[in-house]
Amino acid sequence: MSEIDACLPAPLKDFVFDLHDSARRSFVVTEQEALYTGEFRELTSKYFSNTAWPSTDSVSSECGADPLFLALYKELTHRHLHSISRPQVRDRIDGWRVYRALFDQLLKEADAASEEGAEVQELYILPTWAFDIMHEFVYQFQGFCQFRTTSASNASQAAKKEDDVNNGQNKSHHLNETMDVLTSNRDAWAVETVLFYLHRLVVFAGGNAPTKAHYHLGVFARVALSRMECLLGDYRACLSAVSPIVEERAVVDTVFSARLSLAYHAGVSYLMLRRYRDAARTLGSICSALQRAFKTGQIGGRNNNQTHGGNANVHNDQSRKINDRMIALLAIVTHVCPATWITIDDERVSKLIREKHGSQLAKIEAGEEGYEDLFMFACPKFVSPAVPDYGGVTKSHAANHDVYRLQVRQFMLEMNQHATLRKLRSYMKLYSSIGVEKLAAFNDVPKEEFVDMLLCYKHRMRQLEVVPGESEGEAAGEEAKDALDIHFFLDADVVHVDEAAKQRRFEKFFLTQISLSGEISREAELIKATI
């Protein structure tokens with residue numbers, strides 16, 4: 001026994017051995033689940049609550065120096081260290097090297113397995129584990145982009161402050177060190193390399209996976225890719241990454257956090273592309289599932305052991321935060337396009353929208369501002385993939401675009417146009433027919449411009465919509481449909497208005513209430529009452 005092995009606690013060595021055995025030999029799902037979601041958390045709490053786990057060299061003898069397993073162990077322990085500390089520039093660079101080493105080893109084994117006559121050594125990791133890896137990969141990319149932009153901006157501001165000499169020297173020493181590291185590692189977390197790994201891993205989801213671990217990582221690489229594209233502001237690419245997931249839906253559904261991430265970023269993308277019906281359908285469905293999970297204790301309950309790095313409380317908090325964001329997005333969607341209310345089947349979700357944001361929407365209806373605050377609360381933290389000009393920060397850093405503000409501004413441009421159209425709709429709801437001149441006067445618009453305004457309203461609310469397929473979750477394609485809740489047409493100088501579709505069907509409400517009453521009756525029967 002080496003001196004390093006003698007220093008390790010016996011439970012830790014047993015954990016590494018058992019985890020390697022479950023990944024390479026036994027493939028017992030329940031065993032690996034207990035190790036990953038339970039024992040790792042317990043050992044961390046006991047031995048490494050505020051420190052790093054032992055290095056890969058320290059535990060290599062427990063797994064036969066298996067390079068791929070050691071890369072997985074390194075990622076798992078680095079993720080823990082990243083969660084308990086405030087990572088500095090070198091920590092973030094180390095994280096990049098950890099993920100590159102892991103993905104390079106995965107691709108190396110896949111390439112070796114593709115050779116004719118090659119023997120493939122099976123590797124199994126849980127879907128939850130695979131999702132956590134890919135989720136953390138994009139999370140650290142997002143964090144690094146924000147860190148380097150902030151650092152470059154701080155360096156620019158510090159260069160301008162020459163009055164306070166002492167503070168200037170202290171700040172410049174710390175900032176200069178950070179900028180030196182960033183300058184010498186310009187390729188760290190490069191967006192093209194991050195996308196390269198994601199696209200390479202996605203291939204494994206299409207049936208070309210040499211092992212089950214490659215397949216799971218490929219499936220959740222697609223989920224991570226959709227999130228990545230949304231953060232970069234490429235909403236069409238986000239939806240393109242989502243669309244093939246139908247075939248792997250059974251795997252994605254086993255990890256609720258993956259479903260949340262997928263639905264949330266798809267919902268944001270639909271909203272920004274003005275596909276309001278699809279946004280309401282996607283967000284409404286996952287919010288309904290969340291309300292059921294909250295009620296039954298699957299999320300937020302005492303026995304909930306789902307993990308993100310082994311911490312159930314973190315998972316619960318994240319689920320509640322993203323639920324609040326999606327409710328805010330639904331408030332925006334249903335207010336901009338009232339026809340989307342019909343796509344939200346769950347009365348509990350509709351009630352939440354009214355309770356949380358009803359007063360804010362009423363202010364918007366009265367002409368006050370409110371959309372921007374809602375969107376800033378609900379949207380993801382967009383990032384810029386561009387590497388700042390570290391050498392030019394002493395001059396000015398104003399050229400570095402604030403991508404987050406840019407996306408908010410783009411959203412508000414769209415909402416400002418809807419304010420006029422919303423006023424137009426409110427008047428048309430009052431009439432079955434009305435003269436163009438009279439309607440134009442109501443909207444304070446010259447008659448000559450008003451016809452263009454009507455055509456603009458028609459065009460703006462003509463949107464692509466997913467056509468459901470035969471099976472649940474399947475899409476048969478997309479087609480352009482009218483998202484208006486009223487239908488109007490122009491005949492000479494008269495605007496004729498009628499309902500585009502029947503109003504919401506009330507049987508859904510009554511069926512929901514019957515179901516809720518049934519639940520209350522069953523709960524009441526379980527109460528022991530004595531007279």
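Everything quoted here is computed from the prediction, not taken from an experiment.
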If only atom types and distance count, is the side chain of [X] paired as donor or acceptor with the main-chain N or O of [Y] below 3.5 Å?
| X | Y | answer |
| --- | --- | --- |
| Glu62 | Leu12 | no |
| Thr149 | Gln146 | no |
| Ser184 | Val181 | yes |
| Gln407 | Gly233 | no |
| His265 | Ala224 | no |
| Thr254 | Val251 | yes |
| Thr77 | Tyr73 | yes |
| Asp324 | Lys321 | no |
| Ser45 | Glu42 | no |
| Thr183 | Met179 | yes |

Hey, what do you get for CG (Leu43) to CG (Leu35), rounding to the nearest 0.5 Å?
9.5 Å

Look up atom OG1 in Thr178 and atom CZ in Arg90, then write down how far apart they are to the nearest 0.5 Å.
8.5 Å

Closest non-hydrogen atom pair between [X] and [Y], with its separation:
| X | Y | answer |
| --- | --- | --- |
| Tyr264 | Cys379 | OH-C, 3.1 Å |
| Ala328 | Phe377 | CB-CD2, 3.8 Å |
| Phe69 | Val16 | CZ-O, 3.8 Å |
| Cys287 | Leu330 | SG-CD1, 4.0 Å |
| Leu290 | Phe256 | CD2-CE2, 3.4 Å |
| Leu464 | Arg275 | O-NE, 3.4 Å |

Would you check if there is a donor-acceptor pair between the side chains of [Y] and [X] at a distance under 3.5 Å?
| X | Y | answer |
| --- | --- | --- |
| Asp18 | Gln32 | no |
| Arg292 | Ser288 | yes |
| Tyr371 | His335 | yes |
| Thr211 | His214 | yes |
| Tyr197 | Arg100 | yes |
| Asn208 | Tyr215 | no |
| His78 | Asp94 | no |
| Gln140 | Glu136 | yes |
| Glu75 | Tyr99 | yes |
| Trp53 | Thr44 | yes |

Would you say [X] has more than 12 foreign heavy atoms packed within less than 6.0 Å of its [atom1]?
| X | atom1 | answer |
| --- | --- | --- |
| Arg236 | CZ | no |
| Phe147 | CZ | yes |
| Lys46 | NZ | no |
| Arg25 | CZ | yes |
| Glu122 | CD | yes |

Please confirm whether the ring centroid of [X] lies under 6.0 Å from the ring centroid of [Y].
| X | Y | answer |
| --- | --- | --- |
| Phe411 | Phe375 | yes |
| Trp129 | Phe40 | no |
| Tyr235 | Tyr270 | no |

Got [X] and [Y] here, is their nearest side-chain heavy-atom distance under 4.5 Å?
| X | Y | value |
| --- | --- | --- |
| Gln463 | Tyr276 | yes |
| Glu372 | Met376 | yes |
| Asn323 | Ile286 | no |
| Asp234 | Met228 | no |
| Ser26 | Asp21 | yes |

Trace of the side-chain contact (heavy atoms from CB on, under 4.5 Å) decision for Val138 with Val194:
CA-CA 8 Å; Val138 176; Val194 173; 5.7 Å; no

Below 4.0 angstrom, N of the basic side chain to O of the carboxylate: do Asp278 and Arg281 qualify?
yes

Ion pair present between Arg222 and Glu229, side-chain N to carboxylate O less than 4.0 angstrom?
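So Arg222 does not pair with Glu229 through a salt bridge.
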
Go through Asp104 and Arg97 one step at a time and tell me if the salt bridge (charged side-chain N to carboxylate O under 4.0 Å, His left out) criterion holds.
CA-CA 10 Å; Asp104 286 342; Arg97 292 168 182 156; over 6 Å; no

Name the orientation class of the two ring planes belonging to Trp96 and Phe137 (parallel below 30°, tilted from 30 to 60°, perpendicular beyond 60°).
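The arrangement is parallel - the two ring planes meet at less than 30°.
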
For Leu231 and Lys381: C-alpha separation, side-chain torsions, deciding distance, then whether side-chain contact (heavy atoms from CB on, under 4.5 Å) applies.
CA-CA 7 Å; Leu231 293 176; Lys381 300 298 181 285; 5.6 Å; no

Might you work through the side-chain contact (heavy atoms from CB on, under 4.5 Å) test for Arg79 and Leu76, ending with a clear yes or no?
CA-CA 5 Å; Arg79 198 185 334 144; Leu76 176 62; 3.8 Å; yes

Could you walk me through whether Trp341 and Ile353 pass side-chain contact (heavy atoms from CB on, under 4.5 Å), step by step?
CA-CA 11 Å; Trp341 276 111; Ile353 296 171; 4.0 Å; yes

Can you spot which of Arg24, Gln105, Gln121 makes a side-chain hydrogen bond (donor to acceptor under 3.5 Å, both in side chains) with Asp66?
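By the side-chain hydrogen bond (donor to acceptor under 3.5 Å, both in side chains) criterion, Asp66 pairs with just one of Arg24, Gln105, Gln121: Arg24.
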
